[in-house]
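Residue numbers begin at 1 in each chain, while the letters A, B, ... track the order of the sequences. Only a predicted model underlies this, so the values are computations on that prediction, with no experimental measurement involved.
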2 protein chains.
Amino acid sequence: MPDADTIRLDDLLTDIDRTGPVPLYFQVAQALERAIRSGEVPAGARLENEIAIGKRLGLSRPTIRRAMQELVDKGLLVRRRGIGTQVVQGQVTRQVELTSLYEDLQGSDHEPSTRVLEHDTKPADEATAEALGVAVGSDVVYLRRQRSTDGVPVAVLENYLPVEFADITTEQLEARGLYQILRGRGVTIKVANQRIGARRAHGDESDLLDIDRGGPVLTMERVAFDNSGRAVEYGHHCYRPDLYAFETTLVAK
Amino acid sequence: MPDADTIRLDDLLTDIDRTGPVPLYFQVAQALERAIRSGEVPAGARLENEIAIGKRLGLSRPTIRRAMQELVDKGLLVRRRGIGTQVVQGQVTRQVELTSLYEDLQGSDHEPSTRVLEHDTKPADEATAEALGVAVGSDVVYLRRQRSTDGVPVAVLENYLPVEFADITTEQLEARGLYQILRGRGVTIKVANQRIGARRAHGDESDLLDIDRGGPVLTMERVAFDNSGRAVEYGHHCYRPDLYAFETTLVAK
DNA sequence: CAGTGGTCTAGACCACCAG
DNA sequence: TGGTGGTCTAGACCACTGA
């Protein structure tokens, strides 16, 4: 039987739009997430069972279940068989997104800017060829950029792209993030394998990041694939560790 | 119509066990993942549509769909409406797991070992209290450990646990990983928020990690929650950057 | 024992894409 | 126009939990 502390979701979810293009499960998930983040549904609260919520909203159990699964995957909810569903105690759980640094910085109310340090077409070395799935020595686009936020340098970005992107201009790169440019050309990044580490700053990196020579930098190496499964970007980047870090939410399966 | 290069999955999936406790979707996902990782289903290959696979295996479409969704979430498959499902081109896609460093190292054929540097009960400072959801100044368990693999130091681990775990012994900590000990007590880690960064080594860290004084270290801060949504571990760790890095697969939603 | 989430089925309609 | 994945329904049975 539902306990006294079970949260009911009456008025939170009255605005379901069955005509629009937004999936029902998504609308429910969004409304519930909003209620949790606003504190309307407090941390640790126990939710009603799936059938009851479905009945109240006039939706089937699978639809409700899928909505809740979204929030489980985001680390906001925890489910236990025979027990029920509860809100995770942790404070505002951040979301990991597959975005570029540019959009990351945009989202946090800062004004990102880019200086293109190098922009060439050159033959692929072994690592690049392997990552992009092209022949060693075949042409690839090479980019080296300095990324700043509010005028302070944050990262040095090195990227390799397939030759098909040779017509991207330096002006475009100074105005927008790489992923935004790719999306404008109909290329959607769907999957990325990345590796995060640390090392000393090399060569001109200390000057470009305005840190001590040989000081620590945070590094990220990434291979990104589009929605057809093809590798479209390979990069290794380094970040000023006092200005940037990677936040993640992990969920056990 | 299916192209000539469409992969059929006849013999790969003949061993479905409907009686055992293993979910059907999981059996299918596992068999398909094995086929992909072994190269039997090559990178870039196009799979049959969901209905056809279901018919061949005698399973419903939702079950097949869920199996494929597992692999999409792992970054092994990419789906496009109106087109079909393909294997991602990238080489062996690694899996991010919510495990402790100890199990990480165990899995990679090395012999991890632990030296306990400190093991106390002490009052929680503000950050710890906030992370664990306890009152400032209330007792928490504090651990500081040096983790090595094949005798080489890899990390210095600092952890805070609720007082309920005060009876964990130093002997246990030297023999097993923290998450293994917790699991043995019926505590399952379900969600974790973590932050990965870099900085200079402080204090005795350079000695403990056998690196240069003030050299770069990779850092990770983590709050972990059990299956009831309660915070059960807060830690900040540092790693030797030449011996350890974090690998992740991100999937756009 | 009753209540919960975990799994599974057999359909249905739709949006999108290629030819 | 035909084939694909994306969504949704209305049931069903099971495994696990707690009282």
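- Here B:L143 pairs with B:H119, B:V141, B:R145, B:N159, B:L161, B:L173, B:L178 under the side-chain contact (heavy atoms from CB on, under 4.5 Å) rule; sequence neighbours left out.
- With respect to A:K55 and A:E48, no salt bridge is recorded, no charged nitrogen being found less than 4.0 Å from a carboxylate O.
- Annotation: of the two residues near DNA chain D, A:R18 and B:R65, the 5′-most nearest-nucleotide partner is B:R65.
- At the phosphate of C:dG3, neither OP1 nor OP2 sits under 4.0 Å from any side-chain N or O atom of A:N49.
- Between the side chains of B:D226 and B:T188, no donor N or O sits under 3.5 Å from an acceptor N or O.
- A donor atom on one side chain and an acceptor atom on the other are not found under 3.5 Å apart for B:E130 and B:Y234.
- Residue A:T85 has a polar side-chain atom (N or O) positioned under 4.0 Å from OP1 or OP2 of C:dG5.
- Among the heavy atoms of the strands, none lies under 4.0 Å from A:I51.
- Atom pair B:L77:CG and D:dG5:P shows a separation of 11 Å (rounding to whole Å applied).
- With distances taken from any side-chain atom of B:E50 to the nucleotides D:dG6, C:dT4, C:dT9, the minimum falls on D:dG6.
- In this structure, the CD atom of B:E48 is 13 Å from the C1' atom of D:dT4, given to the nearest Å.
- Contact annotation: B:Y25 does not reach the phosphate of C:dC8 (side-chain N/O to OP1 or OP2, under 4.0 Å).
- In this model, the phosphate group of D:dT4 is not approached by any side-chain N or O of B:R79 to a distance below 4.0 Å at OP1 or OP2.
- Among the candidates A:R79, A:R81, A:R66, the single residue satisfying the salt bridge (charged side-chain N to carboxylate O under 4.0 Å, His left out) test with A:E50 is A:R79.
- Taking atom NZ of residue B:K253 and atom P of nucleotide D:dT7, one finds them 9 Å apart after rounding to whole Å.
- Using modelled atom types and a 3.5 Å distance limit, the side chains of B:N193 and A:T249 yield a donor-acceptor pair.
- Between the CZ atom of B:R66 and the C1' atom of C:dT9 there is a distance of 14 Å, rounded to whole Å.
- Considering CE of A:M68 and OG1 of A:T85, their distance stands at 3.5 Å, rounded to 0.5 Å.
- Annotated stems with DNA chain D as a participant read C:1-18 with D:1-18, given as range with range, by first number; only runs of 3 or more Watson-Crick or G-U pairs under 3.5 Å qualify.
- A donor atom on one side chain and an acceptor atom on the other are not found under 3.5 Å apart for A:Q69 and A:Y25.
- Under the 4.0 Å criterion applied to side-chain N and carboxylate O atoms, B:K74 and B:E70 are not assigned as salt-bridge partners.
- What separates CD1 of B:I53 from C1' of D:dT4 is a distance of 12 Å, to the nearest Å.
- Looking only at atom types and distance, the side chain of A:D17 has a donor-acceptor partner in the side chain of A:T19 under 3.5 Å away.
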* Tell me, for nucleotides 11-19 of chain C in 5' to 3' order, what letter each nucleotide earns: B for a base near a protein heavy atom under 4.0 Å, S for only sugar-phosphate near one, - for neither? -> -B--BBSS-
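- Protein atom CD1 of B:I64 is 12 Å distant from nucleotide atom P of D:dG5, rounded to whole Å.
- Between the CG atom of A:L71 and the C1' atom of C:dG5 there is a distance of 16 Å, rounded to whole Å.
- Atom NZ of B:K55 is separated from atom C1' of C:dA10 by 12 Å (rounded to the nearest Å).
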